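Okay, structure first, notes after.
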Amino acid sequence: MSKRGKVSFEPYAGPAGGWGSVRSVGEILSREGAVVGTAAALVRQNRESGFACVSCAWPKPAKGHLFEFCENGAKATAWEGTDRSADAAFFAGHPLGELETWSDYALEEAGRLTEPLRWDAASDRYLPVDWATAFAEIGAELKQIDPKAAVFYASGRASLETSYMYALFARLYGTNNLPDSSNMCHESTSVGLPKSIGVPVGTVTLDDFEKTDCLFFFGQNVGSNAPRMLHDLQSAVKRGVPIITFNPLRERGLERFANPQSPLQMLSGSSTPISSQYHTVKTGGDSAAIMGICKALLVADRQALFDGRERLIDTAFIAEHTQGFAAFERAALNCDWQDIERESGLTRVALEEAARVYGQSQAAIGIYGMGLTQHRLGVQNVQMVVNLLLLRSNIGRPGSGVCPVRGHSNVQGQRTVGITEKPELAPLDRLAELYQFDPPHDKGLCTVDVCKGVIDGSVRAFIGLGGNFVRAVPETEAVERGFRRLRLTVQIATKLNRSHLIHGEVSYLLPCLGRIERDRQASGEQVVSVEDSTSCVHSSRGVRKPASEHLLSEARIVAELAKATLPPRPLPDWDAWVDDYAKVRDAIEATYPEQFRDFNQRLGQPGGFHRPIPARHRIWKTPSGKAQFAVPKSLVEDPDAPVRAVGGLRLMTLRSNDQFNTTVYGYDDRFRGISGTRRVLLMNVDDMKQKGFAEGDPVTVSTDVDDGVIRQVAGLRVTTYDIPRGCCGGYYPECNPLIPLWHHAEESKVPAAKWIPVRLQREAGVWIAERG
Ligand SMILES: Nc1nc2c(c(=O)[nH]1)N[C@H]1C(S)=C(S)[C@@H](COP(=O)(O)OP(=O)(O)OC[C@H]3O[C@@H](n4cnc5c(=O)[nH]c(N)nc54)[C@H](O)[C@@H]3O)O[C@H]1N2
Ligand SMILES: Nc1nc2c(c(=O)[nH]1)N[C@H]1C(S)=C(S)[C@@H](COP(=O)(O)OP(=O)(O)OC[C@H]3O[C@@H](n4cnc5c(=O)[nH]c(N)nc54)[C@H](O)[C@@H]3O)O[C@H]1N2
Ligand SMILES: [Mo]
């Protein structure tokens with residue numbers, strides 16, 4: 001992994017996993033100086049006695065492999081377990097004005113935060129402050145602020161226990177302003193799935209992967225972002241299960257995988273092909289593509305009926321369990337192949353082939369990620385996957401189901417225990433009864449609304465439970481300007497990032513324990529719990545010595561903030577909760593008795609337990625009581641920016657194999673053959689020719705919308721890439737300044753980060769690589 005090595009672009013011919021992955025892990029372990037402690041920690045990653053990986057949300061099997069981690073999980077662990085620290089001496093040496101010029105990489109590379117800090121205006125520095133003073137001052141500030149003007153953001157990592165306490169604190173204080181990273185991520189799922197099948201989460205478990213005989217994969221980059229899933233895919237492929245993939249890019253992990261835990265594959269240099277069909281759909285072309293498959297299936301079904309052969313759709317299931325089929329069928333049959341081909345960028349023949357394989361399967365799973373949710377019609381995309389599955393009764397049967405691959409390791413769980421800006425999703429009556437108060441009933445702010453409020457000045461205080469808000473959101477410039485005008489910013493974090501530097505008048509940086517660290521409280525060492533992408537709740541126990549003796553647990557920080565802010569009240573007993581997290585779990589169980597029955601007891605069982613998901617049993621909690629077919633509103637995923645005037649491109653923002661969201665581990669994207677830089681723009685060779693660009697030309701990218709705002713990112717270098725014509729790719733978060741705040745999914749408000757209309761301009765002068 002080169003930090004600032006030679007810049008090069010060469011197609012990567014190796015598989016995902018394999019020796020490249022082993023090498024990459026070794027490099028980060030030695031760079032973080034964390035070899036011994038972290039290697040020991042890795043053995044316990046995702047295992048019964050150990051901690052849940054801090055990287056992605058893919059489930060762990062109840063009986064783990066010897067090493068139940070992947071390349072990127074190991075990097076995340078090493079990153080948190082680094083022996084470097086951003087301590088008082090570090091901050092004494094660097095005023096914030098200077099740190100603002102540092103890269104995301106350099107900021108986090110400074111190491112772990114070690115003590116509580118308060119911004120000092122005179123010296124423009126973060127200076128140490130003791131915990132008691134910090135809590136008292138923050139409490140005093142919050143008391144002065146209208147609760148409706150305060151925001152309690154969460155980034156998806158904090159445990160169920162901390163998240164429950166955080167949400168309760170916000171509501172006792174008087175607000176539902178509880179946005180979380182999910183608002184930029186799978187909120188399209190949380191809005192789409194309830195309409196279609198009556199639950200906000202996926203329906204599959206790991207067991208279904210062993211029983212399925214057909215997998216669809218839409219817009220999820222498994223090799224980089226959920227690598228442990230490759231084991232499940234590899235086993236499926238070995239059983240002969242076809243994998244039908246839709247992705248504008250030929251992602252390595254979706255093509256070939258060499259299992260680093262298989263001595264045979266590692267020594268023989270062999271690998272497993274993953275996808276059996278790879279459809280390089282145009283960015284934003286999935287609704288059209290799925291419509292094409294449905295249409296082909298429905299046409300073939302009519303033919304089968306006519307010929308007296310077995311039907312291809314499950315008419316009995318459709319009649320008993322669904323609503324809206326006739327309208328959907330009509331829409332699909334009336335759809336023009338020309339429109340489908342134009343919008344998806346795929347041929348009718350290719351889509352008919354996908355339908356043919358699907359039609360032969362007994363049990364299919366639809367897997368998807370950000371390629372579907374981060375679009376203007378992201379909610380519709382999700383519902384289209386369900387439509388496809390419902391046609392052949394692929395929900396609520398072993399081996400079948402819908403599988404949104406969540407991002408942060410506890411992002412799904414945070415929603416489960418009440419972190420939501422939507423009051424109707426929180427059990428307010430129950431909370432009122434348990435804690436004897438009148439919870440706020442008005443709608444809180446989601447991420448996009450928070451950005452609006454920060455820009456227009458109606459938001460006054462921002463508390464961040466993890467995350468890197470200003471870097472992760474759209475409309476970077478205006479949001480940063482707004483953040484500097486806030487009265488109060490409080491960031492609870494493990495590592496320094498840009499959101500800590502763009503701060504309010506009064507600003508605190510509160511360092512916390514990471515999940516891999518031992519968390520000792522009055523009753524002894526604590527375990528916490530998290531929920532994965534399959535609604536499996538399991539425990540996590542830290543194994544490493546904390547990075548500094550001054551760190552507090554997130555649970556403790558939240559409790560102290562609550563005590564300092566709220567008027568004295570008998571309930572809850574925050575101190576008792578912090579002394580023993582099992583008591584918080586009792587409170588969670590009392591609030592959600594069905595979901596968390598016998599919580600403490602079941603948390604101890606191997607592999608944890610699955611929350612009940614009615615759709616798994618074909619109980620549909622929709623208004624009609626049936627699963628719902630949804631007619632797509634349009635096959636064009638960006639209703640405001642249809643193919644604009646000649647020369648415009650659709651930009652999708654991507655993660656490299658060397659980052660976790662805004663955390664940049666390095667400047668290589670091994671699977672995509674890019675080394676030494678992130679300041680690139682991936683382009684189709686014919687688009688480059690047409691624009692007269694040569695390989696490596698520096699360009700300025702501008703957003704192509706007419707709203708009077710100029711949004712630009714300069715200094716990207718174009719490189720030819722196997723990407724559909726009319727589309728281009730750049731990295732997140734570097735390209736975030738290009739996303740207009742209003743350019744988000746209808747209904748779910750997820751920023752449409754996978755289709756930003758842009759124009760390019762060649763720059764005079766030479767391209768300069770980023771500073772590491
Ligand atoms: N190592 C690592 N792991 C992670 C993360 C990380 O940054 N690093 N992030 C975590 C988080 S929070 C999340 S949400 C997940 C994100 O994981 P993913 O859901 O995989 O998200 P992305 O990497 O943004 O890109 C998704 C894929 O969608 C494709 N794509 C883009 N546009 C379209 C489209 O219009 N249609 C289709 N079909 N495909 C499209 C891209 O080529 C890319 O392969 O991963 C989690 N895990
Ligand atoms: N253009 C574009 N924008 C996107 C996306 C995209 O694909 N394209 N993806 C979106 C998605 S899916 C997501 S989820 C968001 C992510 O947005 P966020 O969740 O806000 O961002 P992260 O980069 O995950 O946050 C990283 C920071 O979290 C802190 N941290 C790490 N571990 C811990 C911990 O254990 N406790 C605490 N308290 N802090 C910790 C560290 O300080 C670190 O710097 O970004 C979104 N933004
Ligand atoms: Mo995410």
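Bear in mind the structure is a predicted one, so any value in this text is a computation, not a measurement. Counting starts at 1 for both ligands and their atoms, in listed order.
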task: Answer side chain, backbone, both or neither: which part of H186 comes under 4.0 Å from ligand 1, heavy atoms only.
output: neither
task: For F169, enumerate each residue passing the ring-ring contact (aromatic ring centres under 6.0 Å, His included) test, keeping only those at least two apart in sequence or located in another chain.
output: F152
query: Considering only heavy atoms, does D286 approach ligand 1 within less than 4.0 Å through its side chain, its backbone, both, or neither?
result: side chain
task: Examine E80 against ligand 2 and note whether any of their N/O atoms are separated by less than 3.5 Å.
output: no
- prompt: Between M370, R655, Q659, R672, which one has a non-hydrogen atom sitting closest to atom 8 (N) of ligand 1?
  reply: Q659
message: For the OG atom of S507 and the CD atom of Q491, what is their distance to the nearest 0.5 Å?
response: 7.5 Å
query: Short N/O distance, under 3.5 Å, between K282 and ligand 1?
result: no
task: Can you see which heavy atom on L377 is nearest to which on V636, and at what distance?
output: CD1-O, 3.3 Å
- prompt: If you measure every N/O of F218 against every N/O of ligand 1, is any gap under 3.5 Å?
  reply: no
query: Any side-chain donor-acceptor pair under 3.5 Å between S155 and S181?
result: no
- request: Indicate, as side chain, backbone, both or neither, the part of L654 found under 4.0 angstrom from ligand 1 when only non-hydrogen atoms are considered.
  value: side chain
- line: The answer for which part of E251 has a heavy atom under 4.0 Å from ligand 1 is side chain
query: Any idea which part of A76 is under 4.0 Å from ligand 1, heavy-atom wise: side chain, backbone, both or neither?
result: neither
statement: Filtering I516, L496, N497, L107 for the heavy atom nearest atom 43 (C) of ligand 2 leaves N497
- prompt: Can P248 be said to touch ligand 1, with heavy atoms closer than 4.0 Å?
  reply: yes
message: When you compare ligand 2 with S181, is there at least one nitrogen or oxygen pair between them that comes in under 3.5 angstrom?
response: no
message: Would C185 count as a polar contact of ligand 1, with the cut-off being nitrogen or oxygen pairs under 3.5 Å?
response: no
message: Would you say E108 and W79 are linked by a side-chain donor-acceptor pair, where the criterion is simply a distance under 3.5 Å?
response: yes
query: To which of T662, L510, I557 does the heavy atom nearest atom 22 (P) of ligand 2 belong?
result: T662
field: Any N/O pair Q374/ligand 1 closer than 3.5 Å
entry: no
query: For atom 39 (N) of ligand 2, which candidate among A158, A472, G466 holds the nearest heavy atom?
result: G466
- request: May I ask you to identify, for M652, whether its side chain, its backbone, both or neither come under 4.0 Å of ligand 1 on a heavy-atom basis?
  value: side chain
Proximity of V405 to ligand 1 by residue part, where a heavy atom lies under 4.0 Å: neither
- request: Pull out every atom of ligand 1 sitting under 4.0 Å from any heavy atom of L249, numbered as shown with elements.
  value: 42 (O)
- request: Taking only heavy atoms of H375 into account, list the atoms of ligand 1 that are under 4.0 Å away from them.
  value: 34 (C), 35 (O)
statement: Out of F469, Y732, Y731, the nearest non-hydrogen contact to atom 16 (C) of ligand 2 is supplied by Y732
query: So between K495, Q491, H408, whose heavy atom ends up nearest atom 42 (O) of ligand 2?
result: K495
Residues that D669 engages under side chain to side chain donor-acceptor pair (under 3.5 Å), provided they are two or more places apart: R672, Y731
